[in-house]
Number of protein chains: 2
Amino acid sequence: MAAASAKHDVFQAIADPTRRRLLKLLSNQEMPVTAISEHFPISRTAVSKHLKVLSEAGLVKERKVGRETRYKLEPDPLVELKDWLQYFELFWENKLNALKRFVESDESEVDLSINLSGEDKQRK
Amino acid sequence: MAAASAKHDVFQAIADPTRRRLLKLLSNQEMPVTAISEHFPISRTAVSKHLKVLSEAGLVKERKVGRETRYKLEPDPLVELKDWLQYFELFWENKLNALKRFVESDESEVDLSINLSGEDKQRK
DNA sequence: TCATTACGAAACCATTTGGTTTCATATAAA
DNA sequence: TTTATATGAAACCAAATGGTTTCGTAATGA
């Protein structure tokens, strides 16, 4: 699945603060472009281009209704971000806790090579 | 807290695929620049610039050892990403579950307007 | 029918980005 | 001391980015 969002990836799409605001705005409601752009200090055309980027990343879906195009959030591609982040969960906050979670959750697909004490983490 | 990583934010820092690879590489080990750049098809100088961006976002820490500068991951700023993502958790995965959680938790501060059927809710 | 509204495409522009090569400097090694 | 190594700063460049204004077209409404 996850229809190969070729041209723009999620990481790049959310790099821009305007686009992040767009995503939040559209998470609550489906909205047409003009209404959307009233929430931003830039031109409608500029908003339209941001929406295009988001669309190419698969993060919004558009639907034509009469003469307007309504956009809404399509959150699925954010899973990629979540997965990426998950790798690093091990390293922040309480690192020991993270390790514990990791060992317990048995989603040990990757050997992260963290060796905190010289102990063998493969213990069961 | 969270020492105002002014110039580059986390979102922008991780937008570049090379920088994402750098973070993974440095999560396991502290490494000097030349060794790092052997893992990439670009010049050492280019790698150095990427490291600077990561550093300005607070995502790596450098330490001078003799004539080399060693870099390692500093994962704390990723929490910002995690928090941002968390907002959207409601919307992906099993949307019915999310809705259920939402309804049950009675923290109905926001009208999430999840439209499960594809019907136009505005019809009156 | 004719005017208005909603929208995206196009052309254009300044700035940022990601890369290069060259150079200066500090440390290590011979 | 002299040479080699490790690194970042500087100058430069092409392409991408984020914005603008102008224009064409489709749908609504008077």
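First the proteins, then the strands, lettered A, B, ... as listed; each starts at 1.
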Inset, instruction - Kindly say if A:H50 contacts the phosphate of D:dG19, meaning a side-chain N or O under 4.0 Å from OP1 or OP2. - result: yes
Inset, instruction - Verify, without hydrogens or angle tests, whether A:R70 (side chain) and A:Q29 (backbone) share a donor-acceptor contact under 3.5 angstrom. - result: no
Inset, instruction - State whether B:Y71 places a side-chain N or O below 4.0 Å from either non-bridging phosphate oxygen (OP1 or OP2) of D:dG8. - result: yes
Legend entry - N/O donor-acceptor pair under 3.5 Å between A:R44 side chain and A:S37 backbone: no
Inset, instruction - Assign B:R70 to base, sugar-phosphate, or nothing according to its heavy-atom contacts below 4.0 angstrom with the strands shown. - result: nothing
Legend entry - C:dG8 base / A:R44 side chain donor-acceptor hit below 3.5 Å: yes
Legend entry - OP1 or OP2 of C:dT16 under 4.0 Å from side-chain N/O of B:Q12: no
Inset, instruction - Rounded off to whole Å, could you give me the CD-to-P distance for the A:E56 and D:dA16 pair? - result: 13 Å
Inset, instruction - For A:D16 and D:dA16, give me the distance from atom CG to atom P, rounded to whole Å. - result: 17 Å
Inset, instruction - Give the rounded distance in Å between these two atoms: CG of B:L51 and C1' of C:dG19. - result: 15 Å
Inset, instruction - Identify, between A:K64 and A:A15, the residue whose nearest nucleotide on DNA chain D lies closer to the 5' end. - result: A:A15
Inset, instruction - May I have the distance from A:E62 (atom CD) to C:dC7 (atom P), rounded to whole angstrom? - result: 12 Å
Inset, instruction - Nearest whole angstrom, please: distance from the C1' of D:dA16 to the CZ of A:F11. - result: 20 Å
Legend entry - B:R19 or B:G66, whichever maps to the more 5' nucleotide of DNA chain C: B:R19
Inset, instruction - Rounded to the nearest angstrom, tell me the gap between atom CE in B:M31 and atom P in D:dT7. - result: 10 Å
Legend entry - Sugar-phosphate only, base, or nothing, as touched by B:S43 at under 4.0 Å among non-hydrogen atoms: base
Legend entry - C:dC7 phosphate, OP1 or OP2, under 4.0 Å from A:T45 side-chain N/O: no
Inset, instruction - Consider only side-chain heavy atoms of I, L, V, M, F, W and Y, link residues closer than 4.5 Å, and tell whether B:I14 and B:V53 are in one cluster. - result: no
Inset, instruction - Measure distances between side-chain N and O atoms of A:K49 and base N and O atoms of D:dG19, and say whether any donor-acceptor pair falls under 3.5 Å. - result: yes
Legend entry - Check: D:dT5 base within 3.5 Å donor-acceptor of B:R67 side chain: yes
Inset, instruction - Please report, rounded to the nearest Å, how far the P atom of C:dA14 is from the CD1 atom of A:I42. - result: 19 Å
Inset, instruction - Spell out, as yes or no, whether a donor-acceptor pair under 3.5 Å connects the side chain of A:R21 to the backbone of A:H39. - result: yes
Inset, instruction - Verify the contact: side-chain N or O of A:S48 to OP1 or OP2 of C:dA9, cut-off strictly under 4.0 Å; return yes or no. - result: no
Legend entry - Between D:dT7 (C1') and B:E38 (CD): distance, integer Å: 14 Å
Inset, instruction - Answer yes or no: is there a side-chain heavy-atom contact under 4.5 Å between A:V47 and A:Y71? - result: no
Inset, instruction - Compare the minimum distances between each of D:dG19, C:dC7, C:dG19 and the side chain of A:E68, then state the nucleotide with the smallest one. - result: C:dC7
Inset, instruction - Give me the one residue out of B:K72, B:K61, B:R63 that meets side chain to side chain donor-acceptor pair (under 3.5 Å) with B:E30. - result: B:R63
